Amino acid sequence: MCLGIPGRIVAIVDEDAMLATVDVSGVRRAVDVVCVATPGRPLADLVGAWVVVHVGFAMSLIDEEEAAATLRVLAEIGEAEAELEAIRTGSVDLPSSPVIPAAT
């Protein structure tokens, strides 16, 4: 199953390609942010925002409280680890998005 999972935008990778680095529970991946970008505003405005990520796309903006609640529910039903593993291993199609190591 492939669910949308909350992540936080931590950096802009490529403004022209509309790619940003999203941290999903410590796993960083480049995702397409075209669905959450505001026309006429710089993508840098999205840094720090929480989004729902699905198959390599940030599908919608959510607040931090909703992100935490969703992550809890996914963990409770046993889906969070499966989704994180899919992101880690690249077993979901993402738009040219290598795993980006988390800052240590």
Side-chain angles (χ1 to χ4, degrees):
M1 179 182 289
C2 191
L3 300 172
I5 190 164
R8 190 170 199 173
I9 297 174
V10 295
I12 302 305
V13 174
D14 184 333
E15 184 108 14
D16 293 331
M18 300 198 76
L19 294 175
T21 300
V22 174
D23 185 300
V24 178
S25 297
V27 177
R28 291 185 175 202
R29 183 68 84 154
V31 300
D32 190 309
V33 294
V34 69
C35 295
V36 297
T38 302
R41 297 194 64 186
L43 288 185
D45 289 353
L46 292 172
V47 173
W50 285 90
V51 293
V52 174
V53 178
H54 179 67
V55 294
F57 290 86
M59 300 302 294
S60 62
L61 293 167
I62 58 174
D63 62 32
E64 187 170 7
E65 186 177 307
E66 183 177 355
T70 302
L71 288 169
R72 275 194 304 278
V73 169
L74 290 174
E76 288 172 8
I77 64 172
E79 291 294 331
E81 276 309 308
E83 292 304 310
L84 289 172
E85 187 60 24
I87 292 170
R88 277 188 206 98
T89 63
S91 60
V92 294
D93 284 332
L94 299 176
S96 305
S97 55
V99 172
I100 300 167
T104 54

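The basis for the numbers below is simple: all heavy atoms, side chains too, and nothing from hydrogens, waters or symmetry mates. What you see is a predicted model, and the numbers here were worked out from it, not measured in a lab.
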Pairs involving residues 4-16, ordered by first then second residue, that meet side-chain hydrogen bond (donor to acceptor under 3.5 Å, both in side chains) (sequence neighbours left out): none

Side chain to side chain contact (heavy atoms under 4.5 Å, CB included) between V33 and V51, worked out: CA-CA 9 Å; V33 294; V51 293; over 6 Å; no

Separation between CG (L71) and CH2 (W50), nearest 0.5 Å, reads 6.5 Å

Would you compute the distance between atom CD1 of I12 and atom CE of M18 and round it to the nearest 0.5 angstrom? 9.0 Å

Would you mind listing every salt bridge (charged side-chain N to carboxylate O under 4.0 Å, His left out) that reaches into residues 44-62, with sequence neighbours excluded? R41-D45

Considering non-hydrogen atoms only, spot the tightest contact between [X] and [Y] and give its length.
X   : Y   : answer
P39 : A37 : CD-O, 3.6 Å
A58 : C35 : O-CB, 3.3 Å
D32 : A17 : OD2-O, 4.4 Å

In one Ile/Leu/Val/Met/Phe/Trp/Tyr side-chain cluster, 4.5 Å: L43, V47: yes

Out of the candidates V53, T21, V24, only one should pair with V31 under the side-chain contact (heavy atoms from CB on, under 4.5 Å) rule; please name it. V53

Residues two or more places apart in sequence or in another chain: which of them pass side chain to side chain contact (heavy atoms under 4.5 Å, CB included) with V52? S60, I62

May I have the step-by-step check of side chain to side chain contact (heavy atoms under 4.5 Å, CB included) for L46 and L61, ending in yes or no? CA-CA 9 Å; L46 292 172; L61 293 167; 4.2 Å; yes

